[in-house]
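Input: a single structure, listed below in structure tokens.
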Amino acid sequence: MPPVDPLRSYVEVGLTLNLEALLQDRLAPALEAVAGHPVDPAVRSSPHADFQSGAALALARELGRPPREIAAEVAAKTDLAGVAEIAVSGPGFLNLTVSDSLLTEALRRIAADDRLGVPPVAAPERVVIDYSGPNVAKEMHVGHLRSTIIGDALARMLEWLGHDVIRVNHLGDWGTPFGMLVEHLIDRGGAGDHSIGDLTAFYQAARVKFDTDDDFRTRARLRVVALQSGDPVSRELWRNLVAQSERYFLDVYARLGVTLGPDDFAGESGYQADLDGIVAELGEKELLAESDGALCAFPEGFTGRDGAALPLIVRKADGGYGYAATDLAALRHRIGRLGADRLLYVVGAPQRIHFEMVFAVARAAGWLPDGVTAEHIGFGSILGSDGKMLKTRAGDTIKLARLLDEAVTRASAPAVGIGAIKYADLSGDRRGDYVFDWDRMLASTGNTGPYLQYAHARVRSLFRKAGTGSGTVTVTEPAERDLALVLLGFEPAVTAAAERAEPHRLAVHLHELAAAFSVFWERCPVLRADGAVRASRLGLAALTARTLQTGMSLLGIEAPEEI
RNA sequence: GCGCUCGUAGCUCAGCGGAUAGAGCAACGGACUUCUAAUCCGUCGGUCGUAGGUUCGAAUCCUACCGGGCGCGCCA
């Protein structure tokens, strides 16, 4: 009798190779037959079996029957031939145990697929991701770390899933500080060759003069006007500052292993020519009101102190433009010119209200049409061991370059140190704060980057010694079965992480995979096994290595061959 | 004052409507003639901030309160 292939029809319809989804599909007709209308099968992973469904429980009241009786009827009417064992359990759960034949067939399929069973999305979107966004003439510091790491992970995941990703590095390259900086540069004798290290001191020196020297302050203000009106000398000096800073940022990105490149810079200065038009258009649509000399939008539903309407200041009382105007212009550009279907702003949690207001005003103005979504991907702060915002002992902000230096010094290799920092940032829910702790993030055990890298290096070591290839995978030992189930959970993990912009869903899954592999490694000798068992285990190992490597690369974490 | 957000094991965190709440660290006890022990196994450890409410069923949803963080007009 030929072996059944329960997956064939399923996969051929274009459905993802996802056990949970497969079981849902099998359960749904039976549930509908019993309930008389469509019912969510609510298949979840379970501590009592591979998966469980609690759907019968929810139906009990409606049908006026005991849940166990309903569950039994659903079980009897469900066609699970070759797919799973089903059993009524507890108060009325359906326990589902996937058959070994399905498991091995599913593994065979993802092993033969260079995308590990994760098809490109059916409807690709153009996704514009705004992340990193450092300031010109300032060194990057820990405050830029999360946006850069999280944004890059999202860009990698969405791109891999087939979306058309446009990375946007919204550089702080404009505004009043540049009058001060350019003026200081002139005081110093024009555009010399300043390294960025000099530029940090340079910025601070300019700041001090601005705060203490009335004459300088006046000149700085005039310089802003000159710069903004296109004065060639001022522009040239400003360009020099921008160019130096961009070189420095690219250097940091290279060290961090971030995919932002020279073409991704899109400074705020680029929108200056659009700002008059933004105001004019908002005015025409009667979305602006004057308040204390400033032009403001008052989107509905936002209140501040005393319950008064909260303003979004589009043009300041002095006639200058603030960030709200620039953000609106950038949003309009990303949708109108870049053709975005989805906008992501990977910016810290404190700016949440600001972005909600910008989105609300953009909706009202018609710049953000119904089919396009805009999301603020907020994240919490990095805290020191004292529970407060991470600072140096002296209370200064920590420079990113220093942090990376220390990571490399503390770890056995740069890839390990950098990977540890990135994994620590990506492994928890991004909305929460997290405590920065070298010892914990560099630990070789636990939910850490080094643990994943170690697991990967162990698998890879097998292939340097194996001499033979892998063969048909069969699962017999419990550790093999557990590993197989985790391997098949890759697609749901990647999809959930990308759709919800929550990289930790993938990170946590990779940790589960590494842990399942470690158990397999302890219990199931590979190279010391013979024949078909050895070939099968090599197959599981190969799939594990590939999944770990792919998953880690989607998070932007290196997976070295040896560690 | 108003708003947002967070409060889960000693510590760091998952889980966010379903069966006795899970990991890791720390503590304690085991496993190295071994494919990388940078690992694995076991034990200990929780009235899920508090009090109500909705529900057959709540850490998960709602309300109030307590505690931490952040935001609340010309900085981004």
Side-chain angles (χ1 to χ4, degrees), chain A residues 42 44 46-48 52-55 57-58 60-62 67 89-93 95 133 135 170 172 174-177 268 291-296 302-308 310-318 320-324 326-327 347-354 356 378 380-381 383 385 387-389 412 416 424 427-429 431-435 437 439-448 450-451 453-455 457-466 504-505 507-508 511-512 514-515 517-529 534 537-538 541 562-563:
Chain A
R44 305 282 130 84
S46 167
H48 304 280
Q52 68 179 35
S53 164
L57 261 32
R61 186 182 177 78
E62 178 192 329
S89 168
F93 286 97
N95 282 354
N135 295 312
H170 193 70
W174 203 246
T176 47
E268 297 174 326
S291 175
D292 295 336
L295 286 177
C296 306
F302 296 89
T303 52
R305 247 183 260 280
D306 309 326
L310 204 55
L312 185 70
I313 298 173
V314 182
R315 197 177 73 190
K316 299 186 287 184
D318 67 3
Y321 293 107
Y323 50 90
T326 313
D327 282 338
V347 180
Q351 291 187 49
R352 175 178 167 159
I353 302 290
H354 166 70
E356 283 180 356
S381 306
L383 308 178
S385 51
K388 297 179 178 167
M389 300 270 280
S412 58
V416 176
S427 57
D429 187 324
R431 279 163 279 255
D433 297 341
Y434 79 91
V435 177
D437 180 337
D439 291 337
R440 186 163 40 248
M441 69 175 69
L442 284 166
S444 57
T445 189
N447 191 13
T448 69
Y451 179 81
Q453 290 173 326
Y454 179 67
R458 286 213 288 191
V459 202
R460 296 297 310 159
S461 76
L462 290 175
F463 299 100
R464 288 195 294 275
K465 299 172 183 171
H504 80 285
R505 292 186 183 277
V508 167
H511 175 251
E512 278 172 19
F517 176 76
S518 293
V519 173
F520 165 80
W521 177 276
E522 297 285 331
R523 305 269 168 84
C524 304
V526 177
L527 300 180
R528 279 182 277 122
R534 178 184 154 109
R537 288 179 180 171
L538 275 171
E562 294 178 61
I563 179 170

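The sequence lines fix the lettering, A, B, ..., with proteins before strands; numbering per chain opens at 1. Computed from a predicted structure; not experimentally measured.
- For the pair A/R440 CZ and B/U12 C1', the computed distance is 4 Å after rounding to whole Å.
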- Item | Verdict with reasoning, A/R352 to A/V347, per side-chain contact (heavy atoms from CB on, under 4.5 Å) | CA-CA 8 Å; A/R352 175 178 167 159; A/V347 180; over 6 Å; no
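- Look at the C1' atom in both B/A9 and B/C48: the space between them is 10 Å, to the nearest Å.
- Spacing of P atoms, B/U8 relative to B/G46, comes out at 15 Å, to the nearest Å.
- Each of A/G293 and A/H511 has a nearest nucleotide on RNA chain B; the 5'-most of these lies closest to A/H511.
- Under the Watson-Crick or G-U wobble criterion, with both distances below 3.5 Å, B/A37 has no partner in any strand shown.
- For A/K316, counting side-chain heavy atoms from C-beta on, the closest listed nucleotide (B/C74, B/C16, B/C70) is B/C74.
- Among the protein residues, A/I563 comes within range of the nucleic acid bases, having at least one heavy atom under 4.0 Å from a base atom.
- In the interface, the side chain of A/N95 is paired with the base of B/A19 through a donor and an acceptor atom under 3.5 Å apart.
- Computed from coordinates, the A/L57 CG to B/G57 P distance equals 11 Å when rounded to whole Å.
- Atom name P, nucleotides B/C4 and B/U63: the rounded distance is 10 Å, in whole Å.
- Nucleic acid contact class of A/E512 (heavy atoms, under 4.0 Å, all strands): none.
- Considering only side-chain atoms of A/W521, the nucleotide from B/G73, B/G24, B/A37 that sits closest is B/A37.
- Annotation: side chain of A/W521 is in contact with side chain of A/R458 (closest heavy-atom distance under 4.5 Å).
- Closest heavy-atom contact between A/A443 and A/T448: O-OG1, 2.7 Å.
- B/U12 atom P lies 14 Å from atom CG of A/D439, rounded to whole Å.
- Within the nucleic acid shown, A/G432 has no heavy atom closer than 4.0 Å to any nucleic acid atom.
- Pairing partner, B/C28: B/G42, with both Watson-Crick or wobble hydrogen-bond distances short of 3.5 Å.
- Among the atoms of the strands shown, none is found under 4.0 Å from any heavy atom of A/T176.
- Closest to the A/P350 side chain, of the nucleotides B/A38, B/A14, B/G71, is B/G71.
- The partner of B/A58, taking Watson-Crick or G-U wobble pairs whose two distances both stay under 3.5 Å, does not exist in any strand shown.
- Residue A/F93 places its side chain closer to B/G18 than to any other of B/G18, B/U36, B/U12.
- The minimum heavy-atom distance between A/S291 and A/C296, with the atom names listed, is CB-SG, 4.1 Å.
- With a 3.5 Å ceiling on both atom-pair distances, B/A21 lacks any Watson-Crick or G-U wobble partner.
- Across every strand in view, B/A9 sits unpaired, with no contact that passes the Watson-Crick or G-U test at under 3.5 angstrom.
- Here the CG-CG distance, from A/L442 to A/D437, works out to 9.0 Å after rounding to the nearest 0.5 Å.
- For A/T303, the listed nucleotide lying nearest its side chain is B/C2; candidates were B/C74, B/G18, B/C2.
- The side chain of A/E522 lies closest to B/U39 when the candidates are B/U39, B/G69, B/U36.
- Summarising the geometry of A/A541 relative to A/L462, their closest heavy-atom pair is CB-CD1, 3.8 Å, with the distance given to 0.1 Å.
- In this structure B/C70 sits in a base pair with B/G3, meeting the Watson-Crick or G-U test at under 3.5 Å.
- As rounded to the nearest Å, B/A14 and B/G7 have C1' atoms that lie 15 Å from one another.
- Summarising the geometry of A/A324 relative to A/I313, their closest heavy-atom pair is CB-O, 3.3 Å, with the distance given to 0.1 Å.
- When distances are taken from the side chain of A/V508 to each of B/A19, B/U39, B/A14, the shortest belongs to B/A14.
- Using a 4.0 Å heavy-atom criterion, one finds that A/A294 contacts the bases of the nucleic acid, with or without backbone contacts as well.
- One atom, CG of A/D437, and another, C1' of B/C13, lie 13 Å apart when rounded to the nearest Å.
- Pairing partner, B/U63: B/A51, with both Watson-Crick or wobble hydrogen-bond distances short of 3.5 Å.
- Residue A/R505 is in sugar-phosphate contact alone, with no base atom involved, counting any heavy-atom pair closer than 4.0 Å across all strands shown.
- Remark: B/A14 base-pairs with no nucleotide in the shown strands. Criterion, Watson-Crick or G-U wobble with two distances under 3.5 Å.
- Look at the C1' atom in both B/G49 and B/C6: the space between them is 11 Å, to the nearest Å.
- A donor-acceptor contact under 3.5 Å is formed by the side chain of A/S89 with the base of B/A19.
- Counting any heavy atom pair closer than 4.0 Å across all strands shown, A/G428 reaches sugar-phosphate atoms only and no base atom.
- Separating the CZ atom of A/R523 from the C1' atom of B/A37 is a distance of 15 Å, rounded to the nearest angstrom.
- Contact annotation for A/A457: base contact, defined as any heavy-atom pair under 4.0 Å involving a base atom.
- Taking 3.5 Å as the limit, the base of B/A38 and the side chain of A/Q453 contain no donor-acceptor pair of atoms between them.
- Residue contacts for A/G446: at a heavy-atom cut-off of 4.0 Å it reaches the sugar-phosphate backbone alone, with no base atom in range.
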- Message: As a quick check of understanding, evaluate side-chain hydrogen bond (donor to acceptor under 3.5 Å, both in side chains) for A/Y451 and A/S518, giving each step before the final call.
- Response: CA-CA 10 Å; A/Y451 179 81; A/S518 293; 3.2 Å; yes
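- Contact annotation for A/H48: base contact, defined as any heavy-atom pair under 4.0 Å involving a base atom.
- Put simply, the side chain of A/S381 and the base of B/G69 share no donor and acceptor less than 3.5 Å apart.
- The nearest heavy atom of RNA chain B to A/D433 and to A/V519 marks one nucleotide each, and the one closer to the 5' end goes with A/D433.
- The side chain of A/S518 sits closest to B/C40 out of B/C40, B/C35, B/C16.
- Atom C1' of B/G24 sits at a distance of 14 Å from the matching atom of B/C40, rounded to the whole Å.
- Comparing B/C13, B/U36, B/G18 against the side chain of A/Y434 picks out B/C13 as the nearest.
- Among the heavy atoms of the strands, none lies under 4.0 Å from A/T448.
- Separating the P atom of B/U47 from that of B/U54 is a span of 26 Å, rounded to the nearest Å.
- The CG-P distance, from A/L310 to B/G1, rounds to 19 Å in whole Å.
- Annotation: the span from A/R431 atom CZ to A/H504 atom NE2 amounts to 7.5 Å, rounded to 0.5 Å.
- For the P atoms, the distance from B/C28 to B/U60 is 36 Å, rounded to whole Å.
- Among all heavy-atom pairs drawn from A/I563 and A/A457, the shortest one is CG2-CB, 3.3 Å.
- One atom, CZ of A/R44, and another, P of B/G57, lie 19 Å apart when rounded to the nearest Å.
- Rounded to whole Å, atom P of B/U39 lies 8 Å from atom OH of A/Y451.
- The A/Y454 side chain lies nearest to B/A38 when the options are B/A19, B/G69, B/A38.
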